[in-house]
Amino acid sequence: MARSARHLTSLLRVSTRVRFAPAPTGFLHVGSARSALFNWLYARSTGGEMILRIEDTDAALRKPEFIDAIVKPLQTLGITWDEGPYYQSQRKQFHVEAVEQLVENGHAYFCNLTRDEADALAAEAGLPAGYHGWSRDKGIEDGPDCVVRFRTPDEGEVVINDLIRGEVRFQCSELEDFVIRRSDGSPTFLVANAVDDADMSITHVIRGEDLLNTTPKVMLLWEALDLDDKPEYAHLPLLVNEQRKKLSKRRDDVSLMDFLAQGYLPQAMVNHLALLGWGPPDEKEIRPIEEIIELFKLENVNKGSAFFDTVKLDHINGEYIRALPVDDFVSMAEPFVYAVDTEVPWEREQYRPEVFAFIAHEVQQRVNVMREIPNFIDWLFVDEVSYNERAWKKAMEKGKQVPEILDGIIERFTDVDWTAEALNGAVSAVGDELGARSQVPARVAITGTNAGIPMWDAVSMLDRDVVLRRLRKARSLL
RNA sequence: GCCCCCAUCGUCCAGCGGCCUAGGACGCCUGCCUUUCACGCAGGUAACACGGGUUCGAAUCCCGUUGGGGGUGCCA
């Protein structure tokens, strides 16, 4: 959008315009996804528009693959935008002009000090760390190692009426003369922020609380540049880890795509994210996005940080999985059981899709995350099962008359009709004869563990030889 | 250090001066259902950080303390 369009659009400010403005850091962070979601919810619930703007003023962030890493996950989540993506790097000339304007009208000045030099000066002068306007009024000319700093007012205050937090006040005296143009000539995000939000007629800036402290600086620039109506601000509570620290790339699992790749459904992820910092008035947590849009109110967003709890996510995801039509579940399961780049516990050639499809409805009832699927079906596609240690101890070592039970089952299985009903009947008959529980030992011998899907339908699809071999092996280990 | 923000069950959310002997969800525990597990169902566990005000009345308003977090870059 050209700058000249600014006046027109702001005159026509009929609806809310929000923007999601991530820095392209290589992948979409769940925290960023949450910010995007809340912007989107606000736009959709107010009939407004959402703009996607990539904040790549730092040259190091300007890589095409980084853009994809933002756009794709958003699309997957169903978070759509009405305009953009715009790139701050492509709007650089406007930011440069703004900086020039500020220098010209005395709101900014050149400074040739490095950070270290400025710190040394502060230490010498016995002042607290920070930049203390050393280069103000020194008549320093622009040069290769010069930055441009904004001259913050010596007194007065900046008041922000945050839609979530209420009034937040900053004393101008606490704000240092911050850099608005680097020595390589590139403007920093603070300038880009003010100029772009004005040009794009943004009415509401909704973002993480970690940016709250930068807001007064942008406000000051806004005024010094004589821009139009300021947007409203709303600072969202941060998403934190178990230690209550801001979710970080280094310590925590925060890649949205990684979560999706593990088999969290996009809708479940969105639902969960919406519940962090906000809750529906009627306390019904799991619900379609349309209802969330309808119920969403920015004023109802919390102030306190929220723990990104994957245990709760698992539960929500499980609900979404169970609500899926079986056919959808089966096709969505494919990447987790068969895709070439998937690690599965069986030889790829051994996998039989028709077997999985046959018992998929039972698996669907039991998984919370798609990646758990192989745990329920591995015994169907491997030659030999490995025994779950606890299950073996409990059912086989501590169980009553297990050798006799297995002997009985082996004998009957040798010539029983190979149908689920007959197999089940045979095992129960052995148990009845001996007055012992026969189902669990059979399960452990055949599947390797004591918990899982109802098994006889599935077993009937295995070869008699395979099943007998497993029973005999288990018997021999007792 | 300085600036800013925050504070209800372990966790997420409800509560916006009386409806609160604080509600829902996840987790955990118990029971029912079930020839395993899970689902489902019925129960249970567990919180207003502390201290002062204001008020007839405070989880809700104000102040302070404590605790937690964020920022403090020529990153955004």
Side-chain angles (χ1 to χ4, degrees), chain A residues 21-25 32 55-58 60-61 88 111 113-115 118 128-131 145-149 160 162 164-166 168-171 173-176 178-190 192-193 207-216 235 237-238 240 242-246 272 274-286 299-300 302-316 318-319 322 362-368 376 391 395 424 427-428 431-432 437-444 447 449-456:
Chain A
T25 52
S32 305
E55 308 232 313
D56 57 350
T57 63
D58 185 357
L61 303 178
Q88 281 194 326
C111 169
L113 260 33
T114 63
R115 190 77 219 179
Y131 183 86
D145 292 321
C146 272
V147 297
V148 176
R149 285 181 181 273
I160 294 154
D162 193 280
I164 292 170
R165 270 147 234 286
V168 183
R169 293 166 178 274
F170 296 87
Q171 294 304 313
S173 54
E174 299 290 346
L175 268 22
E176 70 170 29
F178 52 92
V179 172
I180 58 174
R181 193 209 70 184
R182 305 182 185 94
S183 53
D184 67 0
S186 62
T188 60
F189 91 108
L190 294 164
N193 235 265
R207 27 120 89 143
E209 196 205 324
D210 50 344
L211 291 166
L212 182 55
N213 290 306
T214 70
T215 309
H235 287 94
L238 257 21
V240 298
E242 216 148 11
Q243 288 76 244
R244 299 253 121 209
K245 305 246 190 251
K246 181 170 83 156
H272 181 239
L275 261 14
L276 298 176
W278 176 85
D282 59 6
E283 302 190 323
K284 187 184 164 204
E285 296 188 323
I286 298 177
E299 313 87 81
N300 290 98
N302 284 179
K303 301 186 183 99
S305 51
F307 171 48
F308 184 74
D309 188 358
T310 53
V311 174
K312 177 118 181 201
L313 209 209
D314 283 358
H315 171 259
I316 293 174
E319 295 279 320
R322 271 170 249 129
E362 296 290 359
V363 178
Q364 182 180 9
Q365 289 293 112
R366 290 167 175 77
V367 297
N368 283 327
F376 287 91
N424 185 24
V427 171
S428 290
D432 291 347
R437 288 167 62 86
S438 56
Q439 293 280 346
V440 175
R443 177 178 286 275
V444 174
T447 75
T449 189
N450 62 345
I453 58 172
M455 66 187 294
W456 300 115

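Because the structure is a prediction, the values reported are computed rather than measured. Throughout, protein chains are lettered first and strands after them, A, B, ... in sequence-line order, and every chain is numbered starting at 1. Excluded from the calculations below are hydrogen atoms, water molecules and symmetry mates; all remaining heavy atoms, backbone and side chain alike, are included.
Within the structure, a side-chain polar atom (N or O) of R149(A) is placed less than 4.0 Å from OP1 or OP2 of C74(B).
Residue contacts for V311(A): at a heavy-atom cut-off of 4.0 Å it reaches the sugar-phosphate backbone alone, with no base atom in range. Across all strands, E174(A) comes closer than 4.0 Å only to sugar-phosphate atoms, never to a base (heavy-atom distances). Nucleic acid contact class of N302(A) (heavy atoms, under 4.0 Å, all strands): sugar-phosphate only. Counting any heavy atom pair closer than 4.0 Å across all strands shown, F307(A) reaches sugar-phosphate atoms only and no base atom. Nucleic acid contact for F170(A): sugar-phosphate only, since backbone atoms but no base atoms lie under 4.0 Å from a heavy atom of the residue. As judged by a 4.0 angstrom heavy-atom cut-off over every strand, G318(A) is placed among residues making no nucleic acid contact. Residue N300(A) is in base contact, counting any heavy-atom pair closer than 4.0 Å across all strands shown. Heavy atoms of R181(A) sit nowhere under 4.0 angstrom from any nucleic acid atom.
Residue K284(A) places no side-chain atom within donor-acceptor reach of the base of A25(B), judged by atom type and a 3.5 Å distance cut-off alone. Checked by distance alone, S183(A) brings a side-chain donor or acceptor within 3.5 Å of a matching partner on the base of C74(B).
The partner of G40(B) is C32(B), by the rule that a Watson-Crick or G-U pair needs both atom distances under 3.5 Å. Base pairing of A46(B) is not made with any nucleotide, judged by Watson-Crick or G-U wobble geometry with both donor-acceptor distances under 3.5 Å. Base pairing annotation: G23(B) forms a Watson-Crick or G-U wobble pair with C13(B), both donor-acceptor distances under 3.5 Å. Checking G1(B) for Watson-Crick or G-U wobble geometry (two distances, each under 3.5 Å) identifies U72(B) as its partner. Nucleotide U55(B) forms a pair with no other nucleotide shown, judged by Watson-Crick or G-U wobble geometry with both contacts under 3.5 Å.
When the C1' atom is used for both C3(B) and C28(B), the distance is 42 Å, rounded to whole Å. G18(B) sits 44 Å from C33(B) when the C1' atoms are compared, rounded to a whole Å.
Here D309(A) pairs with nothing under the side chain to side chain donor-acceptor pair (under 3.5 Å) rule; sequence neighbours left out. Take S173(A) and apply the side chain to side chain donor-acceptor pair (under 3.5 Å) test, not counting sequence neighbours, and it matches no residue. Among residues two or more places apart in sequence or in another chain, the side chain to side chain donor-acceptor pair (under 3.5 Å) test is passed with D56(A) by S89(A). The side chain to side chain donor-acceptor pair (under 3.5 Å) test applied to R366(A) returns E362(A), not counting sequence neighbours.
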At a cut-off of 3.5 Å, list every protein nitrogen or oxygen paired with a nitrogen or oxygen from nucleotides 66-71 of chain B, distance to 0.1 Å.
| residue | atom | partner | partner atom | Å |
| --- | --- | --- | --- | --- |
| G69(B) | OP1 | K245(A) | NZ | 2.5 |
| G70(B) | OP1 | K246(A) | N | 3.2 |
| G70(B) | N2 | N213(A) | ND2 | 2.9 |
| G71(B) | OP1 | K246(A) | NZ | 2.7 |
| G71(B) | O4' | N213(A) | ND2 | 3.3 |

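Distance D309(A) CG to G27(B) P: 10 Å, rounded to the nearest Å.
Q88(A) and N193(A) are not linked by any side-chain donor-acceptor pair at a separation below 3.5 angstrom, with hydrogens and angles left out of the test.
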Nucleic acid footprint by protein, nucleotides 31-47 of chain B - heavy-atom cut-off 4.0 Å, B for base, S for sugar-phosphate alone: ----BBBBSS-------
